[in-house]
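Everything below concerns the one structure shown next.
Start at 1 with the first residue, then count along the sequence.
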Amino acid sequence: MIEQLNWFALLTRSNFEQTVYTNIVKKKIDAFLPKTRRKSRRKDRNLMIETPLFPGYIFVKSSFNPADQLNILKTVGAVR
């Protein structure tokens, strides 16, 4: 029987979205981190930076298998 994979929202530590995303992808797990470009609020220069569309969250495709979910939660910066 083939396990069905579903998308889950994974809560991350503050400003750890990119770190968690990179480490999840290294584990060969499907993940999605939507980003948006916005103008930086620095006084000395104007920059366009990419920020997460949903701060504190990334989306991970996984099964309900506890072993798979534990592997995801062991990632540095993942909260729940």
Side-chain angles (χ1 to χ4, degrees):
M1 182 173 167
I2 298 174
E3 276 188 79
Q4 183 178 358
L5 300 177
N6 297 305
W7 286 98
F8 295 95
L10 176 65
L11 182 66
T12 65
R13 288 178 54 192
S14 180
N15 296 321
F16 267 70
E17 298 91 358
Q18 186 62 49
T19 304
V20 173
Y21 174 77
T22 303
N23 290 330
I24 292 279
V25 170
K26 284 182 184 177
K27 293 181 180 183
K28 302 209 185 316
I29 299 172
D30 286 336
F32 178 58
L33 177 60
K35 293 182 180 180
T36 184
R37 292 179 62 87
R38 68 173 180 86
K39 196 172 188 177
S40 175
R41 295 182 182 164
R42 295 195 173 103
K43 293 180 182 178
D44 60 338
R45 61 188 178 271
N46 291 327
L47 294 174
M48 291 298 286
I49 59 173
E50 285 190 343
T51 58
L53 188 58
F54 303 106
Y57 292 93
I58 68 166
F59 299 94
V60 179
K61 195 170 189 178
S62 175
S63 67
F64 282 109
N65 184 352
D68 292 342
Q69 294 197 357
L70 184 61
N71 185 27
I72 292 168
L73 289 175
K74 284 184 175 180
T75 306
V76 174
V79 175
R80 62 176 181 200

> Looking at Arg13 and Val79, what are the two nearest heavy atoms and their distance?
Replying inline: N-CG2, 3.6 Å
>> Strictly by side-chain hydrogen bond (donor to acceptor under 3.5 Å, both in side chains), give each pair with a member in residues 54-63 just once, sequence neighbours left out.
In response: Glu3-Ser63, Ser63-Asp68
> Taking all non-hydrogen atoms of both residues, which atom of Gln18 and which atom of Leu33 are closest, and how far apart?
Replying inline: OE1-CD2, 3.6 Å
>> Within the 4.5 Å heavy-atom criterion, are Thr36 and Glu50 side-chain neighbours or not?
In response: no
>> Side chains of Glu17 and Lys35, heavy atoms from C-beta outward: is any pair under 4.5 Å?
In response: no
> Is it true that Ile72 and Val20 fall in one hydrophobic cluster, defined by side-chain heavy atoms closer than 4.5 Å?
Replying inline: yes
> Between Leu73 and Ala78, what is the shortest heavy-atom contact and its length?
Replying inline: O-CB, 4.0 Å
> Are Asn71 and Ile29 close enough, and set up right, to give a side chain to side chain contact (heavy atoms under 4.5 Å, CB included), and what steps lead you there?
Replying inline: CA-CA 10 Å; Asn71 185 27; Ile29 299 172; 3.9 Å; yes
>> Using every non-hydrogen atom in the two residues, find where Tyr21 and Phe32 come nearest and quote the distance to one decimal.
In response: CE1-N, 4.0 Å
> Does any N or O in the side chain of Ser40 come within less than 3.5 Å of the main-chain N or O of Met48, such that one atom is a donor and the other an acceptor?
Replying inline: no
> Say you draw a straight line from CZ of Arg37 to OG1 of Thr51; how long is it, rounded to the nearest 0.5 Å?
Replying inline: 10.0 Å
>> How long is the straight-line distance from CZ of Phe59 back to CG of Asn6, given to the nearest 0.5 Å?
In response: 14.0 Å
>> Once rounded to the nearest 0.5 Å, what's the spacing between atom NZ of Lys74 and atom CG of Asn23?
In response: 14.5 Å
> When hydrophobic residues are tied together by side-chain contacts of less than 4.5 Å, even through go-betweens, does Phe16 share a cluster with Val25?
Replying inline: yes
> Step by step, would you call Lys39 with Leu47 a side chain to side chain contact (heavy atoms under 4.5 Å, CB included)?
Replying inline: CA-CA 6 Å; Lys39 196 172 188 177; Leu47 294 174; over 6 Å; no
>> How close do Phe54 and Pro34 get, counting heavy atoms only, and between which atoms?
In response: CD1-CG, 3.8 Å
>> Once rounded to the nearest 0.5 Å, what's the spacing between atom OG1 of Thr75 and atom CG of Leu70?
In response: 9.5 Å
